[in-house]
Student: 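Just passing along the structure, written as structure tokens.
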Protein chains: 2
Amino acid sequence: MKLSRVGVMATTRKRRQRGSLTSEVIVKAALAVSERGGYEGLTFQALGTELGAHPTAIYRHFRDKNELMLALIEAIHAETLETLGAPTGDWEGDLRALAHAVRDSFLRHPAVGQFAAVRTTRGPHEFEIVERIVGCLRRAGFDDRRAARMYRIFADVTLGYAAVDAGLAALPPDIRQGDLEAWEGRYRSLDRGRYPNLAAVAEQIPSIEDPGNFSTALDLFIDALRLRLDRGAS
Amino acid sequence: MKLSRVGVMATTRKRRQRGSLTSEVIVKAALAVSERGGYEGLTFQALGTELGAHPTAIYRHFRDKNELMLALIEAIHAETLETLGAPTGDWEGDLRALAHAVRDSFLRHPAVGQFAAVRTTRGPHEFEIVERIVGCLRRAGFDDRRAARMYRIFADVTLGYAAVDAGLAALPPDIRQGDLEAWEGRYRSLDRGRYPNLAAVAEQIPSIEDPGNFSTALDLFIDALRLRLDRGAS
DNA sequence: ACCTGAACACCGTTCAAGT
DNA sequence: ACCTGAACACCGTTCAAGT
């Protein structure tokens with residue numbers, strides 16, 4: 001083992017034995033790495049070190065980083081479903097539970113979760129999550145056309161919100177710190193003449209990291225769904 | 001001029017004259033570059049070429065890529081405000097117009113827009129957008145506490161949704177193509193036994209790129225706001 | 001068949017040197 | 001004062017070579 005290329009294999013914990021490298025092992029290691037080092041820490045070199053294998057050995061299981069990313073998102077969806085019980089039949093409660101489970105999974109792996117709303121994994125766990133959402137909406141009383149449309153909006157809003165939360169959590173600590181301080185500092189000392197409305201309420205704006213925001217957004221969404229059901233024509 | 005480092009200065013259009021490099025010029029060039037090459041195309045080298053200057057000359061105006069990014073987001077917010085008339089006093093129409101203007105700006109510069117929901121620029125244009133949203137909510141009849149909370153949700157939902165749309169538009173063309181085809185292909189040929197609800201509605205799910213989705217999401221949100229106003233307790 | 005080593009064409013960033 | 005050149009420590013990815 002050469003030491004000229006410092007760091008690549010130098011800090012290897014244990015050397016992996018031939019044939020033990022599988023997609024599952026790689027996905028698991030990648031989630032662990034991303035949890036520690038954020039997205040910019042999730043590199044093939046770091047992953048190789050984590051695995052006790054050469055960085056390029058990963059290419060035997062994933063064509064490129066994009067394919068690995070999709071597998072990681074699928075793994076997150078799998079986690080979401082694991083932490084979630086079977087549907088209870090209460091469409092509203094089930095929708096809420098699903099949305100919260102999705103967000104929790106994204107936040108558990110923010111470096112991956114921040115991209116999960118934009119990509120489609122085209123995998124079974126993703127299908128299953130969609131299946132569940134559509135199931136809730138149909139049980140609520142929406143006809144197929146309406147259920148399909150509402151599914152799209154619900155998924156985009158929920159995953160989008162969760163992805164923003166994940167993106168925030170995935171920021172490098174110093175940058176995140178700076179952003180948070182801006183909200184707490186600069187936003188509360190603005191020119192009342194120039195920003196009268198903002199100045200009036202600034203102190204009462206919940207932190208962008210307040211977990212209650214997501215719940216309130218869900219409340220609003222479900223209120224709106226109920227309203228459409230009451231109006232009939234669904 | 002050496003040619004050993006291929007490409008860096010080789011394709012320079014015109015050489016910039018000393019002293020003409022300002023933050024404004026750099027921001028404008030960066031938005032142009034990002035429009036063409038997506039996020040992975042937005043590099044200091046590409047920006048240097050666009051500017052007719054050495055890549056590292058940019059560091060005289062921005063400490064690092066993070067600072068440049070914040071300036072770019074501010075520039076996008078400035079564009080949003082430019083395309084937007086003065087508030088009309090109709091809180092609902094104004095909110096809608098604002099949300100659409102934000103999304104349009106994000107989509108005009110997707111490589112930057114996809115990050116805009118997560119970061120805070122702490123700049124005057126960002127303040128102005130917040131000011132306007134809060135203004136709409138107060139005019140609608142929300143008291144300060146409620147207006148502050150609803151602002152947070154509205155901003156997160158709207159910017160989050162727009163950022164997802166931008167992220168989609170910013171995907172490298174081949175990857176984006178693959179994702180879209182998955183929605184149109186695989187999602188419509190699923191096992192009806194395993195995914196009964198999804199299979200029933202799959203054909204009717206709007207495309208993830210359908211611009212009507214955002215409008216519908218806004219409709220739902222504003223319905224929910226009205227409901228809370230009607231319920232009293234402002 | 002499975003993995004490594006070496007190389008390639010890039011990145012962002014620092015800093016001494018030029019004008 | 002403003003900008004460039006060269007260097008540093010990284011990236012993802014390809015491919016010939018080893019076992």
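Every heavy atom of this structure was used, including side-chain atoms; hydrogens, water molecules and symmetry mates were not. Below, chains carry the letters A, B, ... as their sequence lines are ordered, and counting in each starts from 1.
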Student: Report the nucleotide, chosen from dT13(C), dG12(D), dT14(D), that has the shortest atom-to-atom distance to any side-chain atom of T56(B).
Tutor: dT13(C)
Student: Between Q45(B) and dC10(C), is there a side-chain N or O to OP1/OP2 distance below 4.0 Å?
Tutor: no
Student: Nearest-Å distance, CD1 (I175(B)) to P (dG12(D))?
Tutor: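 One finds 14 Å between P of dG12(D) and CD1 of I175(B), rounded.
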Student: Has N213(B) got a side-chain atom pairing as donor or acceptor with S207(B)'s backbone, closer than 3.5 angstrom?
Tutor: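 Yes, because the side chain of N213(B) sits within donor-acceptor range (under 3.5 Å) of the backbone of S207(B).
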Student: Return whichever of R63(A) or G41(A) has its heavy-atom-nearest nucleotide of DNA chain D closer to the 5' end.
Tutor: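 Of the two residues, G41(A) wins.
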Student: Toward the 5' end of DNA chain C, which comes first, K65(B) or R60(B), by nearest nucleotide?
Tutor: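 Counting from the 5' end, the first nearest nucleotide belongs to K65(B).
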Student: Please round to the nearest 0.5 Å and tell me the distance separating atom CG of D179(A) and atom CD1 of I208(A).
Tutor: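 That separation rounds to 8.0 Å.
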Student: Just call it for L47(A): base, sugar-phosphate, or nothing, with non-hydrogen atoms closer than 4.0 Å on any strand.
Tutor: nothing
Student: Give a yes/no on whether any side-chain N or O of T43(A) is located under 4.0 angstrom from OP1 or OP2 of dC11(D).
Tutor: yes
Student: Can a donor-acceptor pair be found, under 3.5 Å and without considering hydrogens, that links the side chain of D104(A) to the backbone of L107(A)?
Tutor: no
Student: Would you say the base of dC3(C) and the side-chain of R18(A) have a donor-acceptor pair closer than 3.5 Å?
Tutor: no
Student: Do the rings of H77(A) and F106(A) sit parallel, tilted or perpendicular, given the 30° and 60° boundaries?
Tutor: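 H77(A) vs F106(A) ring planes: tilted.
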Student: Please report the distance, rounded to the nearest Å, between NE2 in H54(B) and C1' in dA7(D).
Tutor: 11 Å
Student: Want to settle it: does A57(A) or A46(B) sit nearer the 5' end of DNA chain C, counting the closest nucleotide to each?
Tutor: A57(A)
Student: Quickly work out the F44(B) CZ to dT4(D) C1' distance and round it to whole Å.
Tutor: 16 Å
Student: How is L42(A) classified with respect to the nucleic acid when contacts are heavy atoms under 4.0 Å: base, sugar-phosphate, or nothing?
Tutor: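 The residue L42(A) makes sugar-phosphate contact but no base contact.
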Student: Less than 3.5 Å apart, any donor N or O on the side chain of E126(A) or Y187(B) sitting next to an acceptor on the other?
Tutor: yes
Student: Would you mind reading off the distance between L51(B) atom CG and dT4(D) atom C1', rounded to a whole angstrom?
Tutor: 15 Å
Student: Across all strands, who's sitting opposite dC2(D) as a Watson-Crick or G-U wobble pair, both distances under 3.5 Å?
Tutor: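 Paired with dG18(C).
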Student: Can you tell me the distance, in whole Å, between the OH atom of Y39(B) and the C1' atom of dG12(D)?
Tutor: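 Nearest whole value for this atom pair: 15 Å.
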Student: Rounded to whole Å, how long is the line connecting atom CD1 of I58(A) with atom P of dT4(C)?
Tutor: 10 Å
Student: With a 3.5 Å limit on both atom pairs, tell me what dA9(C) is paired to, counting Watson-Crick and G-U wobble, or say none.
Tutor: none
Student: To the nearest angstrom, how far is E40(A) atom CD from dT13(C) atom P?
Tutor: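 After rounding, the gap between these two atoms is 11 Å.
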Student: For the pair made of OH in Y59(A) and C1' in dC11(D), what is the distance, rounded to whole Å?
Tutor: 9 Å
